[in-house]
Amino acid sequence: MSESIWIHYSRPRPHWYRLTAEQQAEKKAGWALVEKASIDAGATRVGSYHVRGQHDFQTVDIWQFASPEAAFDHWARLTSAGYNELFAFSNNVGIALQEGHS
Amino acid sequence: MTLLTGETDVFSSAGTSKRCVVMFLAKREGGVSDIFGAKEQAAIAAVLDELKKEGWLLSIRSMFDPAANNQAAALDTGFTHSVDVAGVFEAPTISAAIEGTVRLERAGWARLFATEWLIGPREFAPVKGTGGEIERPWGFLALWEWNDAWSAATPEQRAEYDLECDIAFKGDLALDINIAGRHRLDWAHGWHHLGAWEAVSPEAIDQAITGHEDVADFIFTTSRHFMGRVRPLHELIAA
């Protein structure tokens, strides 16, 4: 298994804006627990960046995982927590090349 | 296996393996006869042989009949789609799936095709249509995402929708279509799912999709469909 990069583009779906600030905070707290579990298991959150000006999506989040399986597990837990129902998304995964360019 | 949406009458996750789909949408680069030839064809064939020995399935057919795995196959789609070749393999694991795409690309695939690889684990088991073991020379690949309307729907609305879609899926099976279950792509792509079919004719596929329109399948999804005659992969891997 290879060290992997996971790239997550997202934007709020329309009904995200229909939630109250308290409801939004509650959802975010649940997803933060999912992210903490991934970090505790060895993942690295490289960062979250704003890309709305050049993309259909609003933000891009970049993570490093020990394997693509760990990236899948992270996403599966986020979707189980309902994240995908409130944010539209597109994801990419890539494995590290040992020798650089092919 | 975590399911993105639940099981239905037609689709079950029981007994599914941990296999991972490797779908490809490949567009010929064109004008590559000086950089792609018999050597690259042989190298790709050798990688496909290795993958088979490592437990890969190399066609939709082999998801229904493991004995058919001696022949890698894909859909010839250039007659009506923006990609020339579309196909579906299954790898033993997610890691094996991604590493396999790199091996194929490096063997020479990347010289011949610009390819989008879509990768993700199996959710539902294959379901055979009526008609028994007849020839099904046409393939159909459906990609879809759950849209904002589905995302905003209540669990009851989604359950009702799933029941209606099952009517259409039963209609597909009654048209002798074999459905290779469902795979989950959303963790590594914008599309959320793949459904791969074998069918007797384009007419059967068109009639089936009309059935999906009749039950308002597309009220909750955005889809893209690829259809093509199934051909041996080695015939399609040529400059």
Side-chain angles (χ1 to χ4, degrees), chain A residues 1-19 23 27 34 37-38 43 55-57 60-63 65-102, chain B residues 1-6 13 18-22 43 91-111 116-123 143 145-155 157-158 183-193 220-222:
Chain A
M1 292 198 276
S2 304
E3 184 261 307
S4 300
I5 200 84
W6 187 70
I7 303 168
H8 168 67
Y9 290 97
S10 70
R11 66 169 180 269
R13 296 189 189 273
H15 48 286
W16 170 254
Y17 297 105
R18 298 192 179 102
L19 300 183
Q23 288 171 322
K27 294 286 182 188
V34 171
S38 295
H55 210 292
D56 287 346
F57 293 100
V60 58
D61 287 56
I62 301 177
W63 286 74
F65 290 96
S67 67
E69 279 81 357
F72 177 85
D73 176 67
H74 171 79
W75 179 248
R77 285 181 286 108
L78 270 179
T79 54
S80 292
Y83 173 82
N84 57 312
E85 299 180 10
L86 290 158
F87 283 79
F89 61 86
S90 183
N91 297 317
N92 290 130
V93 69
I95 54 173
L97 297 175
Q98 300 307 317
E99 68 278 36
H101 291 291
S102 58
Chain B
M1 175 60 210
T2 308
L3 302 174
L4 192 50
T5 64
S13 62
K18 289 184 175 176
R19 287 181 170 283
C20 179
V21 81
V22 176
T93 65
I94 291 174
S95 280
I98 299 177
E99 287 159 11
T101 66
V102 176
R103 287 157 65 188
L104 283 168
E105 292 267 1
R106 289 183 170 179
W109 184 292
R111 294 171 173 234
E116 187 171 6
W117 302 96
L118 296 87
I119 289 165
R122 174 175 284 284
E123 291 186 302
L143 298 169
E145 68 168 311
W146 303 107
N147 62 20
D148 287 341
W150 177 86
S151 300
T154 64
Q157 287 169 325
R158 290 181 196 167
H183 293 88
R184 178 172 182 176
L185 307 173
D186 63 320
W187 71 291
H189 206 276
W191 293 115
H192 300 177
H193 295 292
F220 275 172
T221 58
T222 300

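For the numbers below, each heavy atom of this structure counts, side chains included, while hydrogens, waters and symmetry mates do not. The sequence lines fix the lettering, A, B, ..., with proteins before strands; numbering per chain opens at 1.
The minimum heavy-atom distance linking Glu99(B) with Ile95(A) is given by the pair CG-CD1, 3.7 Å. Contact detail for Ser95(B) and Glu69(A): the closest heavy-atom pair is OG-OE1, 2.7 Å. Smallest separation of non-hydrogen atoms from Arg106(B) and Leu97(A): NH2-CD2, 3.5 Å. In this structure, Trp187(B) and Pro68(A) approach most closely via the heavy-atom pair CZ3-O, 3.4 Å. Heavy atoms only, all atoms of each residue included: Asp148(B) and His15(A) are closest at O-CE1, 3.6 Å.
Trp191(B) does not touch chain A: none of its heavy atoms, backbone or side chain, sits under 4.5 Å away. Only the side chain of Trp6(A) comes within less than 4.5 Å of a heavy atom of chain B; its backbone N, CA, C and O stay farther away. For Asn147(B), the part lying under 4.5 angstrom from a heavy atom of chain A is the backbone only. Contacts between Asn84(A) and chain B at a heavy-atom distance below 4.5 Å involve backbone atoms as well as side-chain atoms.
Separation of atoms CZ (Arg13(A)) and CH2 (Trp146(B)) is listed at 11.5 Å; rounding is to 0.5 Å. To the nearest 0.5 Å, atoms CD1 (Ile98(B)) and OG (Ser4(A)) are separated by 6.0 Å. Distance CG/Asn91(A) to CG/Leu185(B): 11.0 Å, rounded to 0.5 Å.
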* Audit row: Glu145(B), Phe89(A), side chain to side chain contact (heavy atoms under 4.5 Å, CB included) steps and yes/no -> CA-CA 10 Å; Glu145(B) 68 168 311; Phe89(A) 61 86; over 6 Å; no
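Considering only heavy atoms from C-beta on, Thr79(A) comes within 4.5 Å of Asp186(B) through its side chain.
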